[in-house]
Amino acid sequence: MAEKKTILKALAGETQAVPPIWMMRQAGRYLPEYRATRAEAGDFLSLCYNSDLATEVTLQPIRRYGFDAAILFADILLLPQALGADLWFVTGEGPRLSTITEQADFDKLKPASDIHDTLAPVYQTVRNLARDLPDETTLIGFAGAPWTVATYMIAGRGTPDQGPAHALKAENRDLFEQVMERLTEGTIDYLSMQIDAGAEVVKLFDSWAGSLKGDDFDRYATGPAKRIIAALKDRHPDVPVIAFPREAGDGYIGFHEATGADCVAIDDSVTPEWAAEHVQAGGCVQGNLASSHMVTGGDDLVRETRRIVDAFKSGPHIFNLGHGITPDADPDNVHRMIEAVRAG
Ligand code: CP3
């Protein structure tokens, strides 16, 4: 029987002498080959919905660096688009969507069961990747967590403090919860279809979890993650789930247990020593190198990389950044990071 893949070993709770590695946004604008394929596609969304080109950009960082996992090339905002929201990207600024401010805006959306026609090219990309990836590389599918996606759907754009979503939650909780419910149902179906198409692991990105405080964190970050993971485990009991409640702080403690996640991804606002003590006891952790090191490089990059590997060495760990690599990163620094992890 073939040896189990390194990422799957970590997700099964195995401690490994050299942790497996991948990088958030590993297919992205810091790579010249990504920029070339994106130019060929025309724009970012056309790239996401072109299965051949999305397959190509997913494979680019695997060819260049030999990462242990590939993450499907797509975006968390494709789900709102499949639910009927308008979506477009303004170059240099980011995403724009139709907003949700009143019941009539929500009533225009489609039921969760109607998302699959729009998302069919994404499932095709997953099938292509399951066919084309090297045997040792794990294929990760993903979706945004309901709260994070809701912040974009409600505001119609990215916001520094998620103000419009917090305001809707305070002023019209019923409508806010209808949005969360539709996204929770859609996310379960979307991830389940990615798994059917060949995703071996799925990840839930809650990039704005850190702005949910107190009971809100339990209700709108932990609660939906728990429901989504339970539904996925029901349908696909052997597929591991990575949860990323970014900037959760103390909320990271017990997140594995509270949600059933096999791995919790850690951003760079906490130290690896703290996370090893308080979070890794619950299961595999992923993270948490500051992405800025991929821009600045040098001895600090090597030192911080080694510090993270050492801090997490007594338990299951997948090496990653604390957030996505940025367009100004130097591709050579990625080689230095990988060498530092594997130098062990
Ligand atoms: O990690 C990967 O390589 C897989 C692909 C992936 C993308 N976005 C591609 C992308 C994944 C997993 C995402 C997740 C995503 N998208 C999140 C959650 C993770 C995070 O970064 O917090 C969020 C919040 C989004 C929404 C989104 N997509 C924003 C706010 C933006 C604009 C900001 C930016 O970086 O330009 C995007 C665009 C986007 N998604 C790009 C890529 C490679 C850049 C688009 C381009 O090529 O111009």
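All ligand and atom numbering here is 1-based and tracks the order in the structure.
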Nearest neighbour in protein (non-hydrogen) for atom 35 (O) of ligand 1: Arg29 NH2, 2.8 Å
N-O pairing of Lys169 and Asp216 below 4.0 Å: yes
Within-shell test, Gly158 vs ligand 1, heavy atom, strictly < 4.0 Å: no
Atom 42 (C) of ligand 1 - nearest protein heavy atom and its distance: Phe44 CE1, 3.5 Å
Close aromatic pair by centroid cut-off 6.0 Å: Tyr190 and His116: no
ILVMFWY network linking Met24 to Val202, side-chain heavy atoms under 4.5 angstrom: no
Separation between NZ of Lys110 and CZ of Arg182, rounded to the nearest 0.5 Å: 11.5 Å
Worked check of side chain to side chain contact (heavy atoms under 4.5 Å, CB included) between Leu321 and Met337: CA-CA 10 Å; Leu321 306 180; Met337 173 194 82; 4.1 Å; yes
Ligand 1 N/O within reach of Arg38 N/O, cut-off under 3.5 Å: yes
ring-ring contact (aromatic ring centres under 6.0 Å, His included) partner of His166, chosen from Phe176, Tyr220, Trp147: Trp147
Pair His278 and Tyr252, ring centroids less than 6.0 Å apart: no
Pair Phe67 and Phe319, ring centroids less than 6.0 Å apart: no
Carboxylate-amine/guanidinium proximity below 4.0 Å for Lys5 and Glu200: yes
Exercise: do Thr6 and Asp68 side chains pair donor with acceptor under 3.5 Å: yes
Where Ile115 and Leu79 come nearest, the two heavy atoms and their spacing: CD1-CD1, 3.8 Å
Per-atom contacts of ligand 1 with Ile71, taking only distances under 4.0 Å to non-hydrogen atoms: 1 (O), 2 (C), 3 (O), 4 (C)
Contact check, Tyr34 vs ligand 1, heavy-atom distance below 4.0 Å: yes
Ligand 1-proximal atoms of Leu72, by part, heavy-atom distance under 4.0 Å: backbone
Ligand 1 contacted by Asp43 (non-hydrogen, < 4.0 Å): no
Option whose closest heavy atom lies nearest to atom 9 (C) of ligand 1, chosen from Ala74, Gly324, Gly144: Ala74
Heavy atom of protein inside 4.0 Å of atom 6 (C) of ligand 1, strictly below: yes
Min N/O separation Ser207 to ligand 1 under 3.5 Å: yes
Residue and atom name of the nearest protein heavy atom (relative to atom 25 (C) of ligand 1), distance in Å to one decimal: Ile76 CG1, 3.5 Å
Check: Arg246 N/O within less than 3.5 Å of ligand 1 N/O: no
Any side-chain donor near an acceptor of the partner, Gln178 and Gln103, under 3.5 Å: yes
Lys203 and ligand 1 - part of the residue with a heavy-atom distance under 4.0 Å: neither
Heavy atom of the protein closest to atom 11 (C) of ligand 1 (residue, atom name, distance): Phe142 CZ, 3.6 Å
Atom indices of ligand 1, in the order listed, that fall short of 4.0 Å to a heavy atom of Gln26: 3 (O)
Proximity to ligand 1 by part of Pro327, non-hydrogen separation under 4.0 Å: neither
Distance from atom 16 (N) of ligand 1 to nearest protein heavy atom, with residue and atom: Asp75 OD1, 3.0 Å
Short N or O distance, Arg25 and ligand 1, threshold 3.5 Å exclusive: yes
Proximity winner for atom 37 (C) of ligand 1, if only heavy atoms of Tyr152, Phe205, Tyr30, Phe89 are counted: Phe89
Enumerated ligand 1 atoms positioned under 4.0 Å from heavy atoms of Ala27: 3 (O), 43 (C)
Linked, directly or transitively: Phe205 and Leu119 (ILVMFWY side chains, under 4.5 Å): yes
Atom 32 (C) of ligand 1: the protein heavy-atom neighbour that sits closest, reported with distance to 0.1 Å: Pro95 CD, 3.9 Å
Non-hydrogen atom of Trp208 closer than 4.0 Å to ligand 1: no
Within-cut-off N or O pair, His323 and ligand 1, under 3.5 Å: yes
Pairing of Arg63 and Glu33 as salt bridge, 4.0 angstrom limit: no
